[in-house]
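Remarks on the structure that follows.
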Number of protein chains: 2
Amino acid sequence: MSHLTYTRNMATDRDSVLEAAVGVLSRRPTAHLDEIARAAGISRATLHRIFPGRDALIREVGALGLRKFATALDSAAIETGDAQSALRRLVDAIVPDAALCAFLAGENQLYDDPEINELWEIQDSRVRVLFLRGQQEGVFRIELSAGWLSEAFFDLVAGVGWAVQDGRLAPRDSAYSLAELFLGGALRRPDPS
Amino acid sequence: MSHLTYTRNMATDRDSVLEAAVGVLSRRPTAHLDEIARAAGISRATLHRIFPGRDALIREVGALGLRKFATALDSAAIETGDAQSALRRLVDAIVPDAALCAFLAGENQLYDDPEINELWEIQDSRVRVLFLRGQQEGVFRIELSAGWLSEAFFDLVAGVGWAVQDGRLAPRDSAYSLAELFLGGALRRPDPS
DNA sequence: AAAGAATGAGACATTGATGTCTCATCTGAC
DNA sequence: GTCAGATGAGACATCAATGTCTCATTCTTT
C-alpha cells in the first residue's frame, strides 16, 4: 500500500505546486524557480524532484490550464441550449480559473509545443463555434466576426484574472462584470420602459 | 552642423529601434537582444551603443508607449464633448499604437519603476475619469465600475494589438471591432424598427 | 524504537544571455 | 582622396539562473 500512498501524494503535490506556480507566473512569467518553490512551500530541490526543469513546469502549468478550460467548456455544456445562456454558464465556470487563463494568454511561448497548441486549437474552436451558432440564432451580433468575439472574450477573461489577482476587482463581482460588459457593452441601454 | 545631423540621426535611430523592439517584445517579452537588434536592422553592438543595456531598452519602450498613450488621449481630447464620442475618438487614436499597449499590458515588471508607474497612473486615471463622466452623463452603464470599464478597455486594446500582429484581425477592422464590442457588447440589439 | 523515504539546505558545475572590448570596414564630409 | 565617425562582426569576461549532487534532518511506516 505504500506505493499507492506514494503516487496519491505525488499527484496532489503536483497539483498544489502547479496552482502555486500559476499564482506567481501569471503575473511575472519570468519568476525564478526559487520564487515558485517558495510560493509552493517547498524547496527548489523538491521542485526539481517533481518537475525535470523549468520548461517542463511551464508546460505542465499550460496543460493544466487547458484541461481546466476544457472542463469549464464541458461543465457549461456550451454546445447546448441558447447561445446567450451557454455563454453565461461558461463565464461562471471559467471565472474561478481566470488566473490560469491569464497565464495562458501571456505565455505565448507555450504554443511552440505542438501538443499544447493542438489542445488550445480544440478549445478555441469550440468557443468560436459557440459564437457562430449564436450569430446564426440571431443572438450575437454579426457585424463582429466570431473569431474576434472569441478572442476578445478570452482577453477579458485573462483581464479578470489579472484584476482579481492584483485586488483591483472583487472576485465576487468578477463573473457579473465580465458577462455584463462582454454581452451588453459599456453603453447604457435606452430605458425600455 | 555635423553635430546637428548627429543628434537628429541618433533621435530617429532611437525611435526606429524602439518601434522594432515593440514588434518583437510585445509578442515575446523574453526575446534576446540579438533578436531585437536583427529586427531593428542593426547589430547588437550598435544596440548597446544606443541603450546601455536591456533594462534601459525595456524602460525606454515602456516610456515611449506611455508617451504615445498620453498623446492619443490628448489628440482625442477625451476631456471634452460627450463621453461616447470621446471614447470613439480615443479608439481611433490608440488603435495604431495597439501593439505598444499590448507591450505595456504584458510587461508588468515595468511598473516597478516609480517614474513609469507614475506616468501610467496619470493616463489610467484620465481614462477612469472619462468613464466616470460618462456614467454621470447617463451614457455609460453604472452597474459596472469605472475602474473595471477602464481596465477592460485597456485589455481589449492590448488584445487588438496582439490579434493584429498575429494576423488574426485585419488592421482595417480593428478600430470598428474594438469600439463596437466594447461599447455595444456582443449581444445583438433588439431591432428598433 | 528502528528503518526507510522524503525533504531542505547548501555546494557546485553548467549554461546561456548580457555587457565590454577590439578591429576591420564602411560611409559621409571636406 | 583623405579622414573622422559610425557600424558590424566577433572574441571575451561576467553573471545570474538552472540543473545536479551530497548530506543532515524530519517524517512515516512498521
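Everything numeric in this text was worked out from a predicted model, so none of it was measured. So you know, we letter chains A, B, ... as the sequences are listed, proteins then strands, and number each from 1.
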Take the protein atom [atom1] of [X] and the nucleotide atom [atom2] of [N], then report the distance between them rounded to whole Å.
X: B/Asp13; N: D/dT7; atom1: CG; atom2: P; value: 6 Å
X: B/Ile50; N: C/dT20; atom1: CD1; atom2: C1'; value: 17 Å
X: A/Arg28; N: D/dA17; atom1: CZ; atom2: P; value: 11 Å
X: B/Asp55; N: D/dA16; atom1: CG; atom2: C1'; value: 13 Å
X: B/Arg49; N: D/dG8; atom1: CZ; atom2: P; value: 8 Å

- Message: Would you say the rings of B/Phe69 and B/Phe103 are close, in the sense that their centroids are separated by under 6.0 Å?
- Response: no

- Between A/Phe154 and B/Trp162, is the ring centre distance below 6.0 Å? no

Side-chain donor/acceptor of [X] to backbone N/O of [Y], under 3.5 Å:
X: A/Asp166; Y: A/Arg168; answer: no
X: A/Arg141; Y: B/Glu180; answer: yes
X: B/Trp148; Y: A/Val160; answer: no

- Message: Give the residues of residues 30-48 of chain A touching DNA chain D, defined as any heavy atom closer than 4.0 Å, sorted by residue number.
- Response: A/His32, A/Leu33, A/Arg44, A/His48

- Message: Within the structure provided, determine whether A/Tyr176 and B/Leu144 are in side-chain contact (heavy-atom separation under 4.5 Å).
- Response: yes

